[in-house]
Amino acid sequence: MKYKSLILFVIISTWSVTSAQSKRSLINEGVELYKNNKFAAAEINFKKGLEKDNNIFQGHFNLGDAYYKQGRYDEAIQSFKNSLAFTEDNVNKAKVYHNIGNSLLKSQKYPESIEAYKNALKLNPNDLETKYNLSYALNMLKQDQNKQQQQNKDNKDQNKDQQQQQQNQNQNDQNKNEDKQNQNQQQQQQPKNEISKNDAERILEALKNNEQDLQKKLRQIKGQPVVREKDW
């Protein structure tokens with residue numbers, strides 16, 4: 001994808017000779033550093049130029065480019081916006097909005113970048129790069145929306161599955177409670193065959209006493225003579 005990043009500098013004829021030379025040197029040095037991918041050093045030069053004269057379109061615009069190349073997109077956007085106050089040329093303004101769109105696009109702020117590209121095309125309808133970038137931003141926005149919709153659907157399905165699992169768990173717990181209650185009821189309805197320890201001891205004692213009485217009676221029976229009938 002193409003990103004338009006323009007370095008502009010214009011010699012202002014109303015500057016004094018000394019001042020113009022100083023500002024021009026700073027801008028030229030900044031441009032050369034920028035072309036050699038020394039964006040941080042170029043940033044310093046552009047800032048120095050703005051310190052000498054802050055009302056320069058090129059200074060703010062070039063500084064925005066230096067920020068952009070360093071991935072400092074919020075600062076780039078601000079510098080590009082600052083440059084708008086110092087130009088009335090629609091072509092220059094279109095370039096500003098184009099680069100603002102690029103910065104927003106890099107920040108994945110697709111709706112905002114689309115608006116910036118549209119503003120650029122209003123000022124320069126024949127800019128093919130802006131048209132291309134606008135198309136790209138629209139496509140990225142569509143993909144982002146589709147991704148969000150899919151994520152929402154996945155979250156909804158996940159919540160539905162969790163709710164179903166919870167319902168199943170609740171049903172299982174309810175079934176277990178019902179089974180436990182049924183078992184308790186069955187146990188309560190069964191006759192009590194168990195006896196206490198005291199009852200068992202009394203029964204054993206009674207059996208022991210009965211056994212002793214029985215033995216005593218048997219001994220008494222064995223000791224008695226047998227009565228026979230007389231023969232007459």
Side-chain angles (χ1 to χ4, degrees), residues 1-138 140-141:
M1 176 180 178
K2 297 178 180 178
Y3 290 111
K4 180 186 290 184
S5 186
L6 301 176
I7 292 294
L8 303 176
F9 67 94
V10 177
I11 305 302
I12 305 300
S13 58
T14 55
W15 290 351
S16 66
V17 175
T18 303
S19 177
Q21 181 65 41
S22 175
K23 296 173 184 178
R24 185 165 53 207
S25 296
L26 288 170
I27 292 175
N28 287 341
E29 289 175 8
V31 170
E32 289 302 317
L33 290 168
Y34 181 95
K35 289 180 179 179
N36 291 319
N37 298 326
K38 296 179 180 180
F39 306 119
E43 172 194 341
I44 293 173
N45 277 66
F46 295 141
K47 284 181 176 179
K48 287 180 178 180
L50 289 172
E51 288 175 1
K52 292 182 176 297
D53 188 350
N54 190 57
N55 301 326
I56 308 174
F57 169 77
Q58 296 84 357
H60 291 287
F61 188 93
N62 292 353
L63 180 59
D65 281 335
Y67 283 139
Y68 175 87
K69 287 295 186 179
Q70 295 177 78
R72 294 156 62 182
Y73 303 119
D74 289 341
E75 293 170 279
I77 291 170
Q78 187 58 55
S79 289
F80 290 136
K81 287 181 177 180
N82 291 343
S83 70
L84 287 172
F86 305 109
T87 182
E88 297 297 329
D89 183 79
N90 284 344
V91 174
N92 284 343
K93 289 182 178 181
K95 292 172 183 177
V96 171
Y97 283 115
H98 179 103
N99 282 10
I100 289 174
N102 289 349
S103 300
L104 291 166
L105 187 61
K106 281 287 191 178
S107 301
Q108 297 183 351
K109 297 178 180 179
Y110 303 123
E112 294 89 339
S113 69
I114 290 169
E115 289 304 312
Y117 291 135
K118 287 181 178 179
N119 288 333
L121 288 173
K122 289 177 183 178
L123 296 165
N124 186 9
N126 297 322
D127 190 331
L128 295 180
E129 289 187 18
T130 301
K131 290 181 179 180
Y132 177 86
N133 288 7
L134 174 60
S135 177
Y136 181 88
L138 289 168
M140 292 300 296
L141 176 61

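Below, each value reflects all heavy atoms present in this structure, side chains not excepted, and no hydrogens, waters or symmetry copies. This structure is a prediction, so every number in the text was calculated from the model and none was measured.
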Look up atom [atom1] in [X] and atom [atom2] in [Y], then write down how far apart they are to the nearest 0.5 Å.
X      : Y      : atom1 : atom2 : result
Asn119 : Thr130 : CG    : OG1   : 11.0 Å
Ser83  : Ile56  : OG    : CD1   : 12.0 Å
Ser113 : Leu105 : OG    : CG    : 5.0 Å
Tyr136 : Glu129 : OH    : CD    : 15.0 Å
Leu33  : Asn45  : CG    : CG    : 5.5 Å
Asn124 : Asp89  : CG    : CG    : 9.5 Å

Are [X] and [Y] linked by a side-chain donor-acceptor pair shorter than 3.5 Å?
X      : Y      : answer
Asp65  : Asn99  : yes
Asn102 : Tyr117 : yes
Ser79  : His60  : no

Sequence-distant partners of Phe80, ring-ring contact (aromatic ring centres under 6.0 Å, His included), two or more places apart:
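Expected list: Phe61.
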Crowded around Lys131 NZ? As in, over 12 foreign heavy atoms under 6.0 Å?
yes
Residues which pass side-chain hydrogen bond (donor to acceptor under 3.5 Å, both in side chains) with [X], listed by chain and number, not counting sequence neighbours:
X      : value
Asn82  : Gln78
Glu112 : none
Glu32  : none
Tyr110 : none

Where do [X] and [Y] come nearest, in terms of heavy atoms and distance?
X      : Y      : result
Ile114 : Ala137 : CG1-CB, 3.7 Å
Gly64  : Ala76  : O-CB, 3.4 Å
Ala94  : Ala120 : O-CB, 3.4 Å

Answer whether the closest heavy-atom distance between the side chains of [X] and [Y] falls below 4.5 Å.
X     : Y     : answer
Phe39 : Asn37 : yes
Asn92 : Phe57 : yes
Lys93 : Glu88 : yes

For Asn55, is there any backbone N or O sitting under 3.5 Å from a side-chain donor or acceptor partner on Asp53?
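Yes.
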Heavy-atom donor-acceptor pair, Gln70 side chain to Ala66 backbone, under 3.5 Å
yes
Is it true that Tyr68 and Tyr73 have ring centroids separated by less than 6.0 Å?
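Yes; Tyr73 has its ring centre under 6.0 Å from that of Tyr68.
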Side chain to side chain contact (heavy atoms under 4.5 Å, CB included) between Leu123 and Tyr97, worked out:
CA-CA 9 Å; Leu123 296 165; Tyr97 283 115; 3.7 Å; yes
List for me each residue that meets salt bridge (Lys or Arg N to Asp or Glu O under 4.0 Å) alongside Lys47, sequence neighbours excluded, and say none if there are none.
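If we apply the salt bridge (Lys or Arg N to Asp or Glu O under 4.0 Å) test to Lys47, skipping adjacent residues, the hits are Glu43.
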